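Worth saying up front: this structure is predicted, and the values here are computed from it rather than measured.
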Amino acid sequence: MLVDEYLRLLHRNRNLPMHIDWGPLHFHIVGRSVFFFWVTLIILAAAGIVVLASRRRELIEKWTTWVLIVPVVGIPIWWGRGLTTVLAAALAVIAVVEYARLTKLGRTDTAVLLGLALLYPVAALWRPQLLGLAAIVVLACALPAVLAGDAAEGGRRSAFTAFGSVWICWSLAHLVVLWENAFLVCFAAAATDVAAWCGGKGLRRFAWARRPLSPLSPNKTVGGLAGAVIGAFLVLTLLGTISVGWLIAVAFGGVLGDLLESMVKRQAQVKDVGDWLPGFGGLLDRIDSLLLVLPLAHLLA
């Protein structure tokens, strides 16, 4: 009986209409995007009530930032693949600047990454098959150090530039590749982040849940991973898109993405990449999970 109810919920039609006629403004659409709009609005409103009632400054800052992020990300994706390309490039450029500062890359290597931050999303728009050349691009990232004859720092420069080219530029280009499901992926990754935080806090009374997943980040625990899996299952069910591939991409990709950034920050000996996003830090601190979820969603889902 429960299985039948679950399947009925999962396969319910999520193509909703939206009709707006305000003077000269006429807006008529039907599709999943309308469903995503209402779900996002309701969750933000409900979370806002809880957050404001808690009177915790950190949570209020995070919620306020989310309210600002949703239209910045949602509107370009809603508008079309072209504007999504602009969004992916803009996010990649900002993330590259933060990453270059974090890893102390020089101007030449930073310029290479900035070029790739623009080229990868454009390639995803016009010739998606070019993303398959990522391995060649990784090797080409060593050229500046090789041509400069940098024997002292060449290995470090090449490694960080190559890693950044894949982790940031190539990964964010998948916003364009996954355009029809891009908002779904972003929403699911964000909701799973919150579920992982709740799982880490709510299950810490159990010894197994307090066990860190890695020494890199004591706050990333088995309880947080359990919360991420449960949260991903629930949110993907709500959105009507669930499979083993989706679950692995969103839940495990999100947690591993957080740990990956923790490794980079631990080496740089910093807590946050920046401080311009209230409640989060820098852009990399906000999108670290998404950087792994996007390519995994494309590959597995």
- Query: Any side-chain heavy atom of Ser33 sitting closer than 4.5 Å to one from Phe183?
  - Reply: no
If you look only at distance, which donor and acceptor atoms sit under 3.5 Å apart when one is on a side chain in residues 230-239 and the other is two or more places apart or in another chain?
residue : atom : partner : partner atom : Å
Thr237  : OG1  : Tyr6    : OH           : 2.9
Thr237  : OG1  : Phe233  : O            : 2.7

- Query: Is a side-chain donor or acceptor of Ser171 paired with a backbone partner of Leu291 at a separation under 3.5 angstrom?
  - Reply: yes
- ILVMFWY network linking Leu260 to Tyr99, side-chain heavy atoms under 4.5 angstrom: yes
- Query: Looking at side-chain heavy atoms only, is the closest gap between Trp246 and Ser243 below 4.5 Å?
  - Reply: yes
- For Arg12, enumerate each residue passing the side-chain hydrogen bond (donor to acceptor under 3.5 Å, both in side chains) test, keeping only those at least two apart in sequence or located in another chain. none
- Can you find a pair of side-chain heavy atoms, one from Arg14 and one from Phe36, that are under 4.5 Å apart? no
- Item | By side-chain hydrogen bond (donor to acceptor under 3.5 Å, both in side chains) - contacts of Glu180 (at least two apart) | none
- Would you sort out whether Val97 and Leu114 count as a side-chain contact (heavy atoms from CB on, under 4.5 Å), showing the intermediate values? CA-CA 8 Å; Val97 171; Leu114 288 173; 4.2 Å; yes
- Task: Take Asp193 and Lys62 through the test salt bridge (Lys or Arg N to Asp or Glu O under 4.0 Å) and record every step on the way to the result.
- Result: CA-CA 12 Å; Asp193 275 350; Lys62 286 180 181 292; over 6 Å; no
- Task: Apply side-chain contact (heavy atoms from CB on, under 4.5 Å) to the pair Asp258 and Ser217, showing each step before the final yes or no.
- Result: CA-CA 9 Å; Asp258 282 342; Ser217 180; over 6 Å; no
- State the CZ-CG distance between Arg286 and Leu284, to the nearest 0.5 angstrom. 11.5 Å
- Query: Taking the six-membered ring for Trp, are Phe37 and Trp78 parallel (under 30°), tilted (30 to 60°) or perpendicular (over 60°)?
  - Reply: tilted
- Message: Nearest 0.5 angstrom please: Trp197 CH2 to Thr192 OG1, how far?
- Response: 15.5 Å
- With Ser165, which residues qualify under side chain to side chain contact (heavy atoms under 4.5 Å, CB included), at least two apart? Leu113, Leu116, Val138, Cys141
- What residues join Phe206 in its hydrophobic cluster, counting side-chain heavy atom gaps under 4.5 Å, either direct or through other members? Leu203, Trp208, Leu213, Val222, Leu225, Val229, Val244, Ile248, Phe252, Val255, Leu256, Leu259, Leu292, Leu296, Leu299, Leu300
- Task: Could I get the full list of side chain to side chain contact (heavy atoms under 4.5 Å, CB included) partners for Trp38, not counting sequence neighbours?
- Result: Met18, Val34, Leu41
- Item | Expected output: side-chain Trp170 to main-chain Ala134 donor-acceptor under 3.5 Å | no
- Residue pair Ala88 / Leu172: nearest heavy atoms and the distance that separates them: CB-O, 3.5 Å
- Message: Would you say CZ of Arg56 has more than 12 non-hydrogen atoms from neighbouring residues, nucleotides or ligands within 6.0 angstrom?
- Response: no
- Donor-acceptor under 3.5 Å (His298 side chain, Leu294 main chain): no
- Under 3.5 Å: donor-acceptor pair, side chain of Arg156, backbone of Thr103: yes
- What's the shortest heavy-atom distance between Cys186 and Leu175, and which atoms? SG-CD2, 3.7 Å
- Query: Under a single-linkage definition using a 4.5 Å side-chain heavy-atom cutoff for Ile, Leu, Val, Met, Phe, Trp and Tyr, are Ile75 and Ile69 assigned to the same hydrophobic cluster?
  - Reply: no
- Is Val72 linked to Leu290 within one hydrophobic cluster, defined over Ile, Leu, Val, Met, Phe, Trp and Tyr using a side-chain heavy-atom separation of less than 4.5 Å? no
- In Å, rounded to the nearest 0.5 Å, how long is the span from CG of Leu131 to CG of Leu119? 11.0 Å
- Task: List the atom of Arg157, the atom of Ala145, and the distance in Å for their closest heavy-atom pair.
- Result: NH2-N, 3.7 Å
- Item | From CD1 (Ile287) to CD1 (Ile168), nearest 0.5 Å | 7.0 Å
- Query: Which residues satisfy the ring pair (Phe, Tyr, Trp, His ring centres under 6.0 Å) test with Trp66, sequence neighbours excluded?
  - Reply: Phe280
- Residues which pass side-chain hydrogen bond (donor to acceptor under 3.5 Å, both in side chains) with Glu5, listed by chain and number, not counting sequence neighbours: Arg8
- Task: Kindly determine whether Val264 and Phe163 satisfy side-chain contact (heavy atoms from CB on, under 4.5 Å), including the steps that lead there.
- Result: CA-CA 11 Å; Val264 178; Phe163 178 70; 4.1 Å; yes
- Query: Which other residues end up in the same hydrophobic cluster as Val194, if Ile, Leu, Val, Met, Phe, Trp and Tyr are linked when side-chain heavy atoms come under 4.5 Å apart?
  - Reply: none
- Message: For residues Val51 and Ile42: do they belong to one hydrophobic cluster (side chain heavy atoms under 4.5 Å, members Ile, Leu, Val, Met, Phe, Trp, Tyr)?
- Response: no
- Hydrophobic cluster of Leu125, others only, ordered by chain and residue number, side-chain cut-off 4.5 Å: Val122, Trp126, Val176
- Task: Could you tell me whether the side chain of Asp285 and the main chain of Val273 form a donor-acceptor pair under 3.5 Å?
- Result: yes
- Task: Evaluate the side-chain proximity of Thr221 to Arg210: yes if any heavy-atom separation is below 4.5 Å, no if none is.
- Result: no
- Query: Any chain of hydrophobic side-chain contacts (each under 4.5 Å) joining Leu68 to Phe187?
  - Reply: no
- Query: Are Asn181 and Arg32 close enough that a side-chain donor and a side-chain acceptor fall under 3.5 Å?
  - Reply: yes
- Item | Residue pair Pro144 / Val112, side-chain heavy-atom distance below 4.5 Å | yes
- Arg266 (side chain) donor-acceptor with Leu216 (main chain) under 3.5 angstrom: yes
- Message: As an exercise, state the distance from NZ of Lys104 to CG of Leu102, rounded to the nearest 0.5 Å.
- Response: 7.5 Å
- What are the two closest non-hydrogen atoms of Thr85 and Pro121, and how far apart are they? CG2-O, 3.5 Å
- Message: For a 4.5 angstrom cut-off between non-hydrogen side-chain atoms, does Cys169 reach Leu118?
- Response: no
- Message: Which residues end up grouped with Ile136 if you chain together Ile, Leu, Val, Met, Phe, Trp and Tyr wherever their side-chain heavy atoms are less than 4.5 Å apart?
- Response: none
- State, to 0.1 Å, how close Gly106 and Thr110 come at their nearest heavy-atom pair, and which atoms those are. O-OG1, 2.8 Å
- Message: Trp179 vs Ile77, test: side-chain contact (heavy atoms from CB on, under 4.5 Å). Steps then yes/no.
- Response: CA-CA 7 Å; Trp179 169 64; Ile77 293 174; 4.3 Å; yes
- Message: Once rounded to the nearest 0.5 Å, what's the spacing between atom CD of Gln129 and atom CG of Leu133?
- Response: 9.0 Å
- Query: Any idea which heavy atoms bring Val293 and Ala249 closest together, and the distance?
  - Reply: CG2-O, 3.4 Å
- Among all residues two or more places apart in sequence or in another chain, which pass the side-chain hydrogen bond (donor to acceptor under 3.5 Å, both in side chains) test with Glu98? Trp276
- Look at the side chain of Tyr120 and the backbone N and O of Gly115, then say whether any donor-acceptor pair between them is shorter than 3.5 Å. no
